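Have a look at the structure below, then the notes.
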Amino acid sequence: MNRLLISTRFFIPTMLAIALGGCFGEYRDNMAPATLGSVSKAYDVYVAEIEKKWKHEEIIFNFSNFVDRRVPSSMSTYKTGAVIHTYDSDVLPGQAPGYIRSVMEQIIQPDRESINQIEELQLAFELRDMDMRILEGNFISGEFGRYYIRVEADVKVSDNYGNILVNKPYKVEYQTMRQAFSGHHPSIDEDWSNMMFSTRKAIKVLTYEIVEDTINGKTN
């Protein structure tokens with residue numbers, strides 16, 4: 001059984017570089033470098049707020065359903081000149097659905113000693129769309145561009161009594177700067193490494209939003 005533990009006993013990454021959309025969209029354009037050496041204050045504040053809600057909560061998510069509902073599309077939502085490069089999200093390890101699920105499961109590991117004392121919730125996840133692009137730069141990101149990730153999914157969380165705690169669509173958009181220390185554009189390998197790093201952060205943002213909504217659903 002695949003489980004995701006939500007409790008106060010978890011590892012919070014301290015060296016993150018993220019520009020967050022979704023639940024704190026006011027930071028969407030505050031892009032940070034796509035490296036491990038930058039900390040996003042906005043992200044730290046957000047996680048700290050969720051920690052307070054988790055203080056008296058211990059929840060395990062069992063992935064009862066994880067489905068790929070994406071519809072192939074040949075139409076870009078961006079003007080041609082705005083896109084430097086588009087990645088096929090299915091080149092991710094396990095393709096897009098498998099990669100998203102893997103990252104979500106790795107965010108917080110279960111405490112095996114207390115697992116029998118933790119409430120188990122059922123998580124149904126339907127992936128609707130995933131977009132990974134390098135976009136042209138703007139005033140904030142600089143001339144070399146930005147890494148852009150969008151993940152859209154329909155999520156339902158329920159308890160063992162059939163109560164629906166979360167049932168809503170999610171859309172997370174995430175951007176990081178595309179840096180070039182040598183004065184030239186990053187190499188193909190550097191771009192892919194930075195895109196992978198940014199994609200993991202986007203999936204983590206999505207997971208934290210689901211967790212927060214679940215806790216709110218339990219208290220309402």
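Note that the structure is predicted; figures quoted are calculated from it, not measured. Atoms considered below: every heavy atom in the structure, side chains included; atoms not considered: hydrogens, waters and symmetry mates.
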Out of curiosity, does V67 fall in the hydrophobic cluster containing L206 (side-chain heavy atoms, cut-off under 4.5 Å, transitive links)?
->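 No, it is not one cluster - the side chains of L206 and V67 are not joined through contacts under 4.5 Å.
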Taking all non-hydrogen atoms of both residues into account, name the closest pair between A124 and S64 and its distance.
->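 So the minimum-distance heavy-atom pair works out to N-OG, 4.0 Å.
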Check E152 against L127 and note the closest heavy-atom contact, atom names and distance.
->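 Shortest heavy-atom contact: O-CD1, 3.5 Å.
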When rounded to the nearest 0.5 angstrom, what is the spacing between [atom1] in [X] and [atom2] in [Y]?
| X | Y | atom1 | atom2 | value |
| --- | --- | --- | --- | --- |
| H85 | W192 | NE2 | CH2 | 8.5 Å |
| D154 | K171 | CG | NZ | 13.0 Å |
| D129 | R69 | CG | CZ | 15.0 Å |
| D88 | M132 | CG | CE | 9.0 Å |
| E126 | F66 | CD | CZ | 10.5 Å |

Any chance you could lay out the side-chain contact (heavy atoms from CB on, under 4.5 Å) test for L92 and I100, step after step, and finish with the verdict?
-> CA-CA 9 Å; L92 293 166; I100 291 173; 6.0 Å; no
With a 4.5 Å limit on heavy-atom distance, are the side chains of [X] and [Y] in contact?
| X | Y | result |
| --- | --- | --- |
| F63 | E105 | yes |
| Y99 | R200 | yes |
| I134 | V83 | no |
| N65 | F125 | no |
| V151 | Y174 | no |
| R70 | P97 | yes |

Among L165, I164, V166, L123, the one residue meeting side chain to side chain contact (heavy atoms under 4.5 Å, CB included) with K156 =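 Only match with K156 under side chain to side chain contact (heavy atoms under 4.5 Å, CB included): I164.
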Among R178, R133, R146, find the one that has a side chain to side chain contact (heavy atoms under 4.5 Å, CB included) with I84.
->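 Considering R178, R133, R146, a side chain to side chain contact (heavy atoms under 4.5 Å, CB included) with I84 is found only for R178.
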Tell me, with the steps shown, if V157 and I210 meet side-chain contact (heavy atoms from CB on, under 4.5 Å).
-> CA-CA 9 Å; V157 180; I210 295 170; 4.2 Å; yes
Test log, rule salt bridge (charged side-chain N to carboxylate O under 4.0 Å, His left out), inputs D213 and K168 | CA-CA 10 Å; D213 288 342; K168 59 180 284 190; 3.1 Å; yes
D90 side chain to A96 main-chain N or O, any donor-acceptor pair under 3.5 Å?
->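 Side chain of D90 to backbone of A96, a donor-acceptor pair under 3.5 Å: yes, one is there.
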Taking T199 for its side chain and M195 for its backbone only, find out whether a donor-acceptor pair lies under 3.5 Å.
->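 A pair under 3.5 Å: yes.
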For the pair Y87 and M196, evaluate side-chain contact (heavy atoms from CB on, under 4.5 Å) and give the outcome as yes or no after the intermediate values.
-> CA-CA 11 Å; Y87 290 96; M196 287 285 289; over 6 Å; no
